[in-house]
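Nothing here was measured: the structure is a model prediction, and the numbers come from that model. The chains referred to below are lettered A, B, ... by the order of the sequence lines, with proteins before strands, and numbering in each begins at 1.
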Amino acid sequence: MNQYLLQLADNALILGHRLGEWCGHAPEMELDIALTNIALDLTGQARSLYQRVAELEGIGKDEDDYAYLRDVREFRNALLLEQPNGDFAHTILRQFVFDAYNYYLYQALAQSKDEWLAGFAAKSLKEITYHLRFSSEWILRLGDGTEVSHAKLQAAIEDLWTYSGELTIPNEVEKDLAQQGIIPDLNLLKPAIEGKMSEIFAGANLSMPAGIFMQTGGKDGRHSEYLGFILAEMQFLQRAYPGQEW
Amino acid sequence: MTSLNFEAIFQSKIDDEVKIEPKDWMPDAYRKTLIRQISQHAHSEIVGMLPEGNWITRAPSLRRKLILLAKVQDEAGHGLYLYSAAETLGADRDDLVQQLLTGKAKYSSIFNYPTLNWADIGAIGWLVDGAAIMNQVMLTRTSYGPYARAMVRICKEESFHQRQGYELMMAMAFGSSEQKAMAQDALNRWWWPALMMFGPHDAESTHSDQAIKWKIKRKSNDELRQSFVDVTVPQAEYLGLTLPDPDLHWNEERGHYDFGKIDWDEFWKVVKGNGPCNRQRIQARIKAYEDGAWVREAAMAHAEKKEQRKLQPEAAVKAA
């Protein structure tokens, strides 16, 4: 269970961190506010999840120990979320692919027989519903907008699609919990997620890529080279000045 | 009615504490002064996101990261709100932004200093927001209605930021010796620039007299600066930190703190573009603006197409 909660937490933390990199540099002020809003939601979700893991482990760790004192191989986020921001098209596509998955996942988790998880998911679903609406609208704008924006979104799809599959390919942890009925079977969620994506893509004059090789491993701690740099930056103070209160 | 009459009515409203509203007659110079001041304030909020944003990815705990994200987000909100207030005077947000990017418009010089350690985030909240509040509390009573109302809301959020900044400073000042050293270092670097935020001495301030007559400002630069020093000295004492001014001491007779001479050469150096980060700040804004152009164009094109499709549903079906 803890491993799974860490997967959820790390997804939220790492994507929130990436979105935080935009703060002050977005294409317009309204987007600075919106992207920061999502970063706030995700970081807040990560915090609740780490607190829950700390509680379940019961060995005196706190939320920051998980975020700031684990190394690359212990992180459980999917590869998609650690990919660099790139241009705004890359950021929005990464967000949309994640939001579509996350929305249906959290909808199902809200029905989990694990009471804590169900409550947490129901609470977070409000935020995630807004995230999906925001990223869907921007996929439509960029896909339908100008030739330039369409081409940039297409380029983002080419760069990032290979990381989209991992979200819905269950690893051992997910298979096990699905069997126990604690989390949904990802294979059963897939049609709804893909349906949402193709609906939005159609509106944006994009076609769903097919036959793309899907990279996996992030959920089991096999990451891209990017994560090390994210952690180097994020964990700097905790590593340079260990054991202090901030 | 002659313009002289208009002007007399305008001034009598001001004298009677009646707020001036967007559609009221106002002297051109009043309008221009307000547009300049409000847009400078908006630019300061937007540029001010950069030095603090510099530490978002390095915030040392999840709690601090959330606080910092929320603070920088508030600043974007204040910027938007203030540009809107300027637009009630007939200015255009895009023109104002262009003035910032081309260096024609100024923003608060304090944001041309770098954030070098984590305590800088505390020092900015405590001192920079603290100094801003002195000014902004006064502006909640400014004569132009939309500006005064914007300030009421902004002040509430700024006071919150200031308390959070001070709380961060407390964690550092009461923390390890390394943290305390960071706190002292931050205070040493931010103290004098914070005092400069109030602008030149009253005798040298070009815009002050008229602004006070029009009740845009209600207190002089030196009065505000003195209030700030008086409030802040005991706060520094509580933290056990030393303000970097050997001439600072309580003056029983005046009932105020006396403080040392401000280095106005440095002030003007930074105003004229030669602060440590002027170039980087403007370049960062230009880069965001230029890199974002295609995004804004796409949003506009999509909105137009959507509108078209609504007007001509058959044509859209045929085209599809």
Side-chain angles (χ1 to χ4, degrees), chain A residues 13 16-33 35-37 39-40 43-44 46-47 50-51 62-64 66-68 87-89 92 137-138 140-150 152-153 204-205 230 233-238 240-241 243-246, chain B residues 42 45-66 68-70 72-77 79-80 83 93 97 117-118 168 171-172 174-176 178-179 182 284-285 287-289 291-306 320:
Chain A
L13 178 75
H17 184 91
R18 282 296 193 209
L19 294 173
E21 293 174 358
W22 271 106
C23 194
H25 306 277
E28 55 186 10
M29 284 167 254
E30 288 83 352
L31 280 172
D32 260 319
I33 294 175
L35 294 175
T36 308
N37 223 6
L40 278 164
T43 310
R47 210 179 160 195
Y50 291 134
Q51 284 168 1
D62 69 20
E63 58 189 53
D64 289 330
Y66 299 99
Y68 292 93
D87 62 11
F88 186 68
I92 279 300
E137 283 170 2
W138 273 100
L140 290 173
R141 284 191 190 104
L142 298 185
D144 179 55
T146 63
E147 269 177 46
V148 174
S149 67
H150 189 88
K152 283 185 189 282
L153 191 52
N205 302 318
I230 291 178
E233 203 171 323
M234 185 167 78
Q235 298 179 341
F236 156 66
L237 282 166
Q238 290 266 2
Y241 305 96
Q244 311 199 356
E245 291 293 327
W246 298 94
Chain B
E45 297 281 357
I46 297 303
V47 177
M49 295 169 73
L50 299 170
E52 291 175 281
N54 185 38
W55 278 88
I56 287 174
T57 55
R58 291 177 290 170
S61 73
L62 295 174
R63 176 173 165 264
R64 293 288 179 202
K65 190 170 181 165
L66 287 171
L68 184 55
L69 276 166
V72 181
Q73 186 191 35
D74 281 347
E75 283 157 10
L80 270 180
Y83 284 123
R93 175 171 136 187
V97 169
N117 80 51
W118 173 247
L168 195 162
M172 299 294 279
F174 301 145
S176 69
E178 288 154 321
Q179 288 172 313
M182 286 185 216
R285 287 316 308 159
K287 186 171 187 314
Y289 185 80
D291 289 355
W294 68 270
V295 177
R296 297 189 299 273
E297 281 158 21
M300 232 139 57
H302 171 68
E304 274 165 30
K305 284 184 190 174
K306 223 168 122 179

Once rounded to the nearest 0.5 Å, what's the spacing between atom [atom1] of [X] and atom [atom2] of [Y]?
| X | Y | atom1 | atom2 | answer |
| --- | --- | --- | --- | --- |
| A:R47 | A:L13 | CZ | CG | 12.0 Å |
| A:E137 | A:L142 | CD | CG | 12.0 Å |
| A:T36 | B:I56 | OG1 | CD1 | 6.5 Å |
| B:M300 | A:S149 | CE | OG | 12.0 Å |
| B:K305 | A:L140 | NZ | CG | 12.0 Å |
| B:L50 | A:H25 | CG | NE2 | 5.5 Å |

Can you tell which part of [X] gets under 4.5 Å to a heavy atom of chain B, answering side chain, backbone, both or neither?
| X | answer |
| --- | --- |
| A:A26 | backbone |
| A:L31 | side chain |
| A:W138 | side chain |
| A:D144 | both |
| A:Y68 | side chain |
| A:N37 | both |

Heavy-atom pairs under 4.5 Å with chain A are the metric here; pick the option from [options] that has the most.
| options | answer |
| --- | --- |
| B:A293, B:P60, B:G53 | B:P60 |
| B:S61, B:G79, B:G77 | B:S61 |
| B:L68, B:V47, B:L69 | B:L69 |
| B:R93, B:M49, B:M172, B:E52 | B:R93 |

[X] portion near chain A, given a 4.5 angstrom heavy-atom threshold:
| X | answer |
| --- | --- |
| B:R64 | side chain |
| B:L62 | both |
| B:L66 | both |
| B:R63 | both |
| B:I46 | side chain |
| B:F174 | neither |
| B:E178 | side chain |

Can we say A:K152 and B:E297 salt-bridge, meaning some charged N sits less than 4.0 Å from an Asp/Glu carboxylate O? no

Is B:R296 paired with A:E28 through a side-chain N to carboxylate O contact shorter than 4.0 Å? no

Classify the angle between the aromatic ring planes of A:Y66 and A:Y50 as parallel (below 30°), tilted (30 to 60°) or perpendicular (above 60°).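 Ring orientation of A:Y66 relative to A:Y50: parallel.
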
Quick check for you: among A:E63, A:H150, A:E21, A:H17, which has the greatest number of heavy-atom pairs under 4.5 Å with chain B?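 Of A:E63, A:H150, A:E21, A:H17, A:H17 has the most heavy-atom pairs under 4.5 Å with chain B.
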
Name the member of A:I92, A:L40, A:I230, A:L237 that forms the most heavy-atom pairs with chain B at distances under 4.5 Å.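 Highest number of pairs under 4.5 Å: A:L40.
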
Is A:E245 close to B:Q179 at the side-chain level, that is, under 4.5 Å between some pair of heavy atoms? no

Minimal non-hydrogen separation, A:D32 against A:G24, with atom names: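 Between these two residues, the closest heavy atoms are OD1-N, 2.7 Å.
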
Would you say the side chains of B:S176 and A:Q244 form a donor-acceptor pair under 3.5 Å?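 Checked: B:S176/A:Q244 side chains pair up, N/O donor to acceptor below 3.5 Å.
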
